[in-house]
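Predicted, not measured: the structure shown is a model, and the values here were computed from it. Each chain gets a letter, A, B and so on, in the order its sequence line appears, and its residues count up from 1.
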Amino acid sequence: MNDKFLKPYSPSETESRIYELWEKSGYFNPDKLPKRHKEPFSIVLPPPNVTGILHLGHAYEDSLQDAVIRYQRMCGKKTLWIPGADSAAIATQARVEKDIQKSEGKSRHDLGREELVRRVYEFAKSSEGTILSQIRKMGASLDWSRYAYTLDEKRNLAVFTAFKRMYDAGLIYRGHRLVNWDPKGQTTISDDEVVYQEEKAKFYYFQYGPFVIGTSRPETKFGDKYVVVHPDDARYKDFSHGQKIELEWINGPIAATVIKDAASDPEMGSGAMTITPWHSLADFEIAERHNLDKEQIIDKYGKLLPTAGEFAGMKITEAREKIVAKLLEKGLVVKIEENYMHNIATSERTGATIEPQIMEQWFIDVNKPIPERGNKSLKELMRSAVENGDVEMPQEGFRSTYFHWIDNLHDWNISRQIWFGHRIPVWYRGTEVYCGMEAPKGEGWEQDPDVLDTWFSSALWPFSTLGWPEETGDLKVFYPTAFMSPAYEILQLWISRMILMGEFHLGKAPFKRVLIHGLVRAKDGRKFSKSLNNGIDPLDMIEKYGADALRMGLLVGAAIGSDIKFDEQKVKGYKHFANKLWNIARFVLSQEKPVGGELKKELIEEFEALAKDITADMEAYRFHLAAEKAYHYVWHRLADEILEESKGSERGSVKAEYIATLYYLLENSLKLLHPFMPFITEEIWGEMRKENILMIEPWPIS
RNA sequence: GCGGGCUUAGCUCAGUUGGUAGAGCAACUCAUUUACACUGAGAAGGUCGGGGGUUCAAGUCCCUCAGCCCGCACCA
């Protein structure tokens with residue numbers, strides 16, 4: 001027996017050595033697994049931000065997925081777990097721009113597009129190593145030979161091909177539509193990156209000719225030349241649709257037109273409203289229905305345009321009070337409510353208030369029937385994939401959320417006004433438009449300046465990582481993948497879009513099952529956040545207690561789907577358990593293993609029943625129960641009872657008839673624990689002088 | 001407005017197809033230099049949020065009420 005067993009178990013002296021052993025073995029790569037591993041089983045790691053650092057949310061996902069992969073590998077599956085990183089374009093560019101501004105006092109425009117993109121790319125690449133080495137510390141058995149980055153050559157080809165095919169199919173189009181404009185980030189953002197925040201504001205009622213209209217945004221009202229009432233509203237029955245009315249407004253007399261549309265709610269205020277189609281989705285839709293004029297009032301920087309007359313050039317917040325003052329003076333203010341609660345749209349990334357704008361942007365049409373997909377639209381494809389069970393979503397609640405989201409889905413705005421990312425592969429020359437990776441022959445072609453939404457490339461991830469659009473062996477063998485286990489935050493943003501892309505490009509959803517997990521929260525139930533300064537670094541936990549203990553602390557007792565309140569004490573408890581296991585091994589290994597010794601039948605049967613039970617839990621994705629049962633058996637049955645019974649009368653002696661059984665139970669317990677506590681189990685296994693490493697040993701029940 | 005979730009021991013949470021309520025931590029009593037103090041044994045702690053129903057049997061299924069939380073939409 002090795003001397004190291006005379007000391008308590010030391011994760012820090014063990015883990016990196018064991019990880020190296022695994023990497024050297026090559027078994028993370030399915031192509032190098034022994035012959036018995038036939039049936040493919042693949043998952044794709046949700047790619048972390050390339051410039052990020054490991055947080056407990058990653059640590060939890062890594063623990064969960066690695067437990068599944070290790071279990072499946074031991075069961076004889078040909079397992080592939082693909083690592084990768086995401087360029088997180090907006091966040092990464094913003095970060096680098098800020099650094100350059102600070103150190104060199106230069107803006108992105110001073111540097112120019114090419115230089116900035118180069119610098120951002122370099123920065124991303126230089127910090128890539130950090131997150132990757134941190135994932136290794138968790139013990140994740142990822143096939144590093146297949147590592148993918150959203151901006152590498154293969155993924156670029158995938159993004160281009162996806163765009164081109166959707167463009168040719170008429171699913172990607174360019175149009176003037178209302179988008180979410182972030183005046184701070186100077187880019188559009190998707191609906192799912194808009195966060196609504198409650199705010200107390202003033203609500204104004206103005207006299208608008210014969211009507212009283214209400215608004216919380218007086219600064220948008222300059223261009224309001226349509227007043228909308230419900231067709232059935234008796235109060236306005238004397239006005240007809242299309243009727244013109246002369247009235248006095250902010251900057252003088254205007255001609256307003258009466259519009260009758262059911263979108264106006266008679267219960268709301270006076271039942272009459274004016275509309276600002278350029279800066280409101282609801283208004284935009286009314287304007288589209290009646291073919292009304294749309295006029296821009298606010299520019300890209302949140303300032304009023306010349307149409308605002310004397311207020312032109314002012315910021316909206318500044319203009320608001322002044323406009324109200326002017327209307328007061330003119331006697332057009334009917335009433336002001338002080339405590340009006342409403343939601344304002346803000347950018348998740350920059351925190352700026354979103355200013356809806358009509359802009360010429362690129363969109364994915366989610367409603368257009370697709371002939372080669374049975375005339376279903378993308379929306380319908382997303383729905384049917386889950387409805388018909390191609391993608392299992394066993395958690396009822398999340399299924400409803402998914403369907404609800406699809407029903408409310410608008411066309412997806414995919415162009416972003418930043419420089420770092422996948423550039424839109426479209427070229428213009430006068431009125432000519434060409435979609436291609438390179439400019440067409442001839443002079444004067446200009447590429448579209450925008451880049452694609454980060455989620456466009458992320459949506460291709462489950463197959464771009466397998467080599468698509470090339471018909472690779474990986475794609476044949478490993479697509480679709482077994483499952484995805486995202487946090488519920490990302491269901492709409494990512495999961496649904498991967499289903500969309502998989503269904504369109506491959507005719508098959510990219511994974512067979514979605515298991516949505518909760519958020520890892522602080523012990524008091526609050527989110528971890530920079531502002532609360534309550535963050536816990538998983539690496540600190542690994543240093544103090546070991547990766548095995550952290551993995552157990554995150555997995556045990558946490559049913560998938562509900563939030564996890566992270567408790568350091570729990571992790572500490574599993575460190576104690578690791579040491580317990582260590583001492584069990586010391587006790588058993590202090591005895592020479594008998595050749596062909598008799599096994600105690602009842603103890604073996606008891607163990608087999610446990611192994612069967614745990615296997616059922618693993619198959620049903622009840623990892624929290626599987627881990628806890630293995631833990632409980634090893635500590636409170638094997639150590640507390642069986643080992644005690646086996647002790648001989650003399651100190652340190654073991655009854656001869658027990659020794660073979662103890663070896664059996666220890667070996668097989670190590671197997672049951674390996675998916676959860678890979679390091680210590682592999683380390684003890686190694687001391688037992690086995691032929692193979694534990695990672696590819698057969699699971700106790702096949 | 002639409003949709004979803006949660007409520008079980010002091011705390012944090014498990015509890016699978018309905019079949020005698022579980023774990024970790026904390027607190028309590030005792031033991032002990034042991035494979036292991038990163039220890040062991042024991043005891044204590046629960047009308048499973050309230051009420052009603054189905055059932056031989058309900059923490060689990062149904063209805064209802066309450067509290068807490070979340071997603072989506074609207075917001076003139």
Side-chain angles (χ1 to χ4, degrees), chain A residues 1 5-6 8-9 191-192 196 198 201 203-206 208 211-217 220-221 224 227-229 263-265 268-276 280-283 340-345 395-409 488-489 491-492 518-519 521 523-525 545 549 552-553 556-559 561-591 613 616-617 620-622 624-625 627-629 631-632 635-636 639-641 643-644 646-647 651-652 654 662:
Chain A
M1 191 173 58
F5 278 104
L6 300 177
Y9 173 63
D191 292 348
D192 303 283
Y196 290 91
E198 221 174 49
F203 193 82
Y204 308 89
Y205 290 92
F206 300 137
Y208 187 81
F211 304 97
V212 173
I213 57 150
T215 185
S216 59
R217 301 203 56 189
T220 64
K221 295 286 135 191
D224 291 12
V227 59
V228 183
V229 296
S264 184
D265 180 2
M268 191 99 174
S270 64
M273 64 175 178
T274 60
I275 55 169
T276 316
S280 153
L281 181 61
D283 296 359
Y340 175 68
M341 293 303 291
H342 71 151
N343 289 326
I344 53 162
Q395 294 145 301
E396 277 298 325
F398 293 122
R399 267 173 80 102
S400 317
T401 305
Y402 176 79
F403 290 136
H404 189 246
W405 177 80
I406 289 176
D407 293 341
N408 286 302
L409 189 63
Y488 50 68
E489 291 184 309
L491 176 66
Q492 296 97 324
L519 300 181
R521 291 172 179 275
K523 209 182 157 189
D524 57 12
Y545 309 112
M552 286 292 276
V556 175
S562 52
D563 287 349
I564 299 155
K565 287 182 189 127
F566 184 79
D567 184 359
E568 186 173 340
Q569 286 310 309
K570 206 167 145 190
V571 180
K572 192 176 168 189
Y574 290 109
K575 186 195 170 158
H576 295 178
F577 175 59
N579 196 54
K580 190 75 183 179
L581 183 61
W582 190 247
N583 282 298
I584 292 168
R586 181 211 287 206
F587 181 78
V588 174
L589 298 186
S590 66
Q591 307 298 318
D613 197 18
D617 284 335
Y621 293 80
R622 294 187 296 259
H624 59 297
L625 292 183
E628 190 182 350
K629 282 171 188 168
Y631 160 85
H632 199 261
W635 196 323
H636 299 297
D640 289 348
E641 293 171 359
L643 247 58
E644 289 304 320
S646 77
K647 284 181 183 172
R651 178 183 301 167
V654 176
L662 292 183

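With hydrogens and angles ignored, no donor-acceptor pair under 3.5 angstrom links the side chain of A/Lys580 to the base of B/U34.
Candidate nucleotides B/A35, B/U12, B/A41 were compared by shortest atom distance to the side chain of A/Lys565, and B/U12 ranks first. When distances run from any side-chain atom of A/Lys629 to the nucleotides B/C25, B/A14, B/U16, the shortest one goes to B/U16. Of the candidates B/U39, B/A14, B/A35, B/A35 carries the atom nearest the A/Phe587 side chain, counting heavy atoms from C-beta on. Counting only heavy atoms from C-beta on, A/Arg622 has its side chain closest to B/U16 among B/U16, B/A41, B/A35. Ranking B/C36, B/G24, B/C38 by closeness to the A/His636 side chain, first place goes to B/G24. Residue A/Trp635 has its side chain nearest to B/G40 when only B/A35, B/C25, B/G40 are considered. Side-chain atoms of A/Asp640 lie closest to B/G40 of the nucleotides B/G40, B/U16, B/A35.
Distance check on atom C1': B/G24 versus B/C61 gives 30 Å, rounded to whole Å. With C1' as the reference atom, B/G46 and B/G10 are 12 Å apart, rounded to whole Å. Across B/U60 and B/G49, the matching P atoms stand 8 Å from one another, rounded to whole Å. Taking atom P on both B/U64 and B/C2, the two are 14 Å apart, rounded to the nearest angstrom. Distance noted for atom P between B/A9 and B/C48: 10 Å (whole Å). Taking atom C1' in both B/A31 and B/C11, one finds a spacing of 28 Å when rounded to whole Å. B/C6 sits 12 Å from B/U16 when the P atoms are compared, rounded to a whole Å. Rounded to the nearest Å, the gap between the P atom of B/C69 and that of B/C74 is 24 Å.
Summarising the geometry, the separation between CG on A/Leu589 and C1' on B/A35 is reported as 11 Å, rounded to the nearest angstrom. The distance from atom CZ of A/Arg399 to atom C1' of B/G3 is 15 Å, rounded to the nearest whole Å. Atom CZ in A/Arg586 sits about 13 Å away from atom P in B/C38, given to the nearest Å. When the P atom of B/U12 is taken as reference, atom CZ of A/Phe566 falls 16 Å away, rounded to whole Å. What separates NE2 of A/His624 from P of B/G24 is a distance of 16 Å, to the nearest Å. A/Asp613 places its CG atom 14 Å from the C1' atom of B/U17, with the value rounded to the nearest Å. Rounded to whole Å, atom P of B/C38 lies 17 Å from atom CD1 of A/Ile584. If you measure from atom OH of A/Tyr574 to atom P of B/A23, you get 12 Å, rounded to the nearest angstrom.
Side-chain N or O atoms of A/Ser216 include none that pairs as donor or acceptor with a backbone N or O of A/Phe203 at under 3.5 Å. At distances below 3.5 Å, not a single donor-acceptor pair connects side-chain atoms of A/Thr274 with backbone N or O atoms of A/Asp224. Within the 3.5 Å criterion, the main-chain N or O of A/Lys575 finds no donor-acceptor partner in the side chain of A/Asn579.
Ring orientation note: the planes of A/Tyr574 and A/Tyr631 are nearly perpendicular, at an angle over 60° on the 30°/60° scale. In this pair, A/His632 and A/His636 present their aromatic rings tilted. The plane angle is within the 30 to 60° band.
In this structure, A/Phe577 reaches neither bases nor backbone, as no heavy-atom distance under 4.0 Å exists between it and the strands shown. At the heavy-atom level, A/Lys572 lies nowhere under 4.0 Å from the strands shown. When heavy atoms are screened at a 4.0 angstrom cut-off, A/Leu643 is found touching base atoms of the nucleic acid.
Heavy-atom distances to RNA chain B give each of A/Tyr631 and A/Glu641 a nearest nucleotide, and the one nearer the 5′ end belongs to A/Tyr631. Heavy-atom nearest nucleotides on RNA chain B were determined for A/Lys570 and for A/Lys647, and the one closer to the 5' end corresponds to A/Lys570.
Taking each heavy atom of A/Arg586 and A/Leu6 in turn, the nearest pair found is NH2-O, 3.4 Å. Of all the heavy atoms in A/Leu519 and A/Asp563, the pair that sits closest is N-OD1, 2.9 Å. Annotation for A/Gly553 and A/Val571: closest pair CA-CG2, 4.2 Å, computed over non-hydrogen atoms. Nearest heavy atoms, A/Gly214 versus A/Tyr205: CA-CD2, 4.0 Å. In terms of heavy atoms, A/Ala272 sits closest to A/Val227 at CB-CG2, 4.2 Å.
Residues passing the side chain to side chain contact (heavy atoms under 4.5 Å, CB included) test with A/Ala627, sequence neighbours excluded: A/Met552, A/Val556, A/Phe676.
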Strand RNA chain B in bracket notation, Watson-Crick/G-U under 3.5 Å with | for pairs to another chain:
(((((((..((((.....[..))))..((((.......))))......(((((..]....))))))))))))....

Strictly under 4.0 angstrom, non-hydrogen atoms only: write out the protein contact profile of nucleotides 70-76 of chain B, one letter per nucleotide from the 5' end, B, S or -.
-BBSBBB

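Here the side chains of A/Ser646 and A/Phe587 are in contact, with some heavy-atom distance below 4.5 Å.
Between B/G24 and A/His632, no contact under 4.0 Å exists linking OP1 or OP2 to a side-chain N or O.
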